[in-house]
Amino acid sequence: MRTRLIFVRHGESVHQVDGVVGGPHGCTGLTALGHDQAQRLARRLADDYAAEPPAAVYSSVLRRAVETAQPIAAAFGIRPLADCGLCTWHTPPYADGMAVARFRTEHAVAGGGVFRPFEDGNESWAELVVRVSRAIMEIAHRHRGETVVLVGHSETVEGAFHALAAQPIFRAFDLDVAPASITEWVTDHDTGGWPPARWTLRRFGDTTGVARA
């Protein structure tokens with residue numbers, strides 16, 4: 001009864017290149033390179049999982065993730081499902097589309113950190129981890145014994161280390177999650193059982209044949 005969660009970070013995005021906060025309005029989708037990466041991701045995943053195709057493809061609700069998920073889902077003949085729990089930071093509306101540098105300096109919160117937000121009105125890291133982890137575990141429980149693709153952001157991939165590997169909210173290491181990369185976790189345990197299933201990290205940040213500049 002193997003459950004396989006395949007995490008994909010979205011391809012290169014316009015907001016990323018422009019250096020702006022990419023909320024619901026500030027995110028204008030993928031760059032031309034990002035669209036190319038999404039197409040190559042779809043072909044790569046279709047080859048890798050031809051024998052055990054995913055039962056579902058989920059994405060965050062942000063345009064860059066949706067545009068990455070669409071060709072992946074199409075490659076398997078299914079429709080992508082949007083889940084806001086997989087989103088990156090839920091930034092405040094006033095910051096949507098603002099330059100990231102300005103948001104982090106002019107709206108910084110004194111003493112911001114794990115349990116206090118870094119910027120005024122933003123989520124704290126702990127809030128983000130709990131939200132993303134809950135979404136991951138709900139999907140894992142819903143698709144016990146199946147393969148699922150989750151298209152999101154670097155924070156979505158990081159969330160898996162908390163949800164699946166029981167890492168503390170304040171980790172002792174950082175993760176460098178490349179755009180258009182693949183991270184895979186598997187377990188043969190019951191994802192709805194107790195104690196929690198023990199997961200294996202099969203690959204992290206794999207961009208082989210996908211993310212060329």
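In what follows, every heavy atom counts, from backbone to side chain, and hydrogens, waters and symmetry copies are set aside.
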4.5 Å side-chain heavy-atom contact, Ser60 and Asp83:
no
Taking the inter-plane angle between the rings of Trp89 and Trp125 on a 0 to 90° scale, is it parallel (under 30°), tilted (30 to 60°) or perpendicular (over 60°)?
tilted
Hey, what do you get for CG (Asp96) to NE2 (His25), rounding to the nearest 0.5 Å?
6.0 Å
Would you say CZ of Arg203 has more than 12 non-hydrogen atoms from neighbouring residues, nucleotides or ligands within 6.0 angstrom?
yes
Any side-chain heavy atom of Val177 within less than 4.5 Å of one from Phe7?
no
Apply the test side-chain contact (heavy atoms from CB on, under 4.5 Å) to residues His162 and Val132: give CA-CA distance (whole Å), side-chain angles for both, the deciding distance (0.1 Å), then the verdict.
CA-CA 9 Å; His162 302 283; Val132 173; over 6 Å; no
Which atom of Pro179 lies closest to which atom of Glu12, heavy atoms considered:
CB-N, 4.1 Å
Residues Glu52, Arg2: salt bridge by 4.0 Å N-O rule:
no
Please report the interatomic distance NE2(His107) to CZ(Arg102), rounded to the nearest 0.5 Å.
5.0 Å
Over 12 non-hydrogen atoms of neighbours within 6.0 angstrom of CG in Asp47:
yes
Determine whether more than 12 heavy atoms belonging to other residues, nucleotides or ligands lie under 6.0 Å from atom CZ of Arg104.
no
Let me see the working for Val20 and Val14 under side-chain contact (heavy atoms from CB on, under 4.5 Å), right down to the final yes or no.
CA-CA 9 Å; Val20 300; Val14 176; over 6 Å; no
Would you kindly confirm whether Leu175 and Val157 end up in one hydrophobic cluster when ILVMFWY residues are joined by side chain heavy atoms under 4.5 Å apart?
yes
Do Leu164 and Met137 have side chains that get closer than 4.5 Å, going by heavy atoms?
yes
Interatomic distance, CG@Asn122 vs CZ@Arg116, rounded to 0.5 Å, equals 12.5 Å
Is there a side-chain contact between His90 and Arg131 (heavy atoms, below 4.5 Å)?
yes
Donor-acceptor pair, side chain of His15 and main chain of Gly26, under 3.5 angstrom
no
Does any non-hydrogen side-chain atom of Leu5 lie less than 4.5 Å from one of Thr187?
no
Does Phe170, at its CZ atom, have more than 12 non-hydrogen atoms belonging to other residues, nucleotides or ligands within less than 6.0 Å?
no
One pair to check against side-chain contact (heavy atoms from CB on, under 4.5 Å): Tyr94 and Phe103. What are the steps and the verdict?
CA-CA 10 Å; Tyr94 78 81; Phe103 182 46; 3.4 Å; yes
From Ile169 atom CD1 to Leu128 atom CG, the distance as rounded to the nearest 0.5 Å
10.5 Å
Quick one, Cys87 and Val61 - any side-chain contact, counting heavy atoms below 4.5 Å?
yes
Name the one of Val57, Val149, Ile72 that satisfies side chain to side chain contact (heavy atoms under 4.5 Å, CB included) with Ile78?
Val57
Exercise: identify the closest heavy-atom pair between Ala178 and Thr207
CB-CG2, 3.9 Å
At what distance, to the nearest 0.5 angstrom, does CH2 of Trp185 lie from CZ of Phe161?
4.5 Å
dist Arg9:CZ -> Ile182:CD1 (nearest 0.5 Å) comes out at 14.0 Å
Just to verify, which of Glu158, His153, His10, Glu155 counts as forming a side chain to side chain donor-acceptor pair (under 3.5 Å) with Thr88?
Glu155
Is there a path of hydrophobic side-chain contacts, each under 4.5 Å between heavy atoms, that joins Ile139 and Ile6?
no
If you compare all heavy atoms of Leu86 against all heavy atoms of Tyr58, which two are closest, and at what distance to 0.1 Å?
CD1-CB, 3.9 Å
Please report the shortest heavy-atom distance between Ser133 and Gly159, naming the atom on each side.
OG-O, 3.7 Å
Are the side chains of Glu138 and Arg142 in touch, meaning some heavy atoms are under 4.5 Å apart?
yes
How close do Leu30 and Ala38 get, heavy atom to heavy atom, and via which atoms?
CD1-CB, 4.2 Å
If we only count heavy atoms from C-beta on, is the Leu41 to Val151 side-chain gap below 4.5 Å?
no
Are the side chain of Thr3 and the backbone of Arg144 linked by a donor-acceptor contact shorter than 3.5 Å?
no
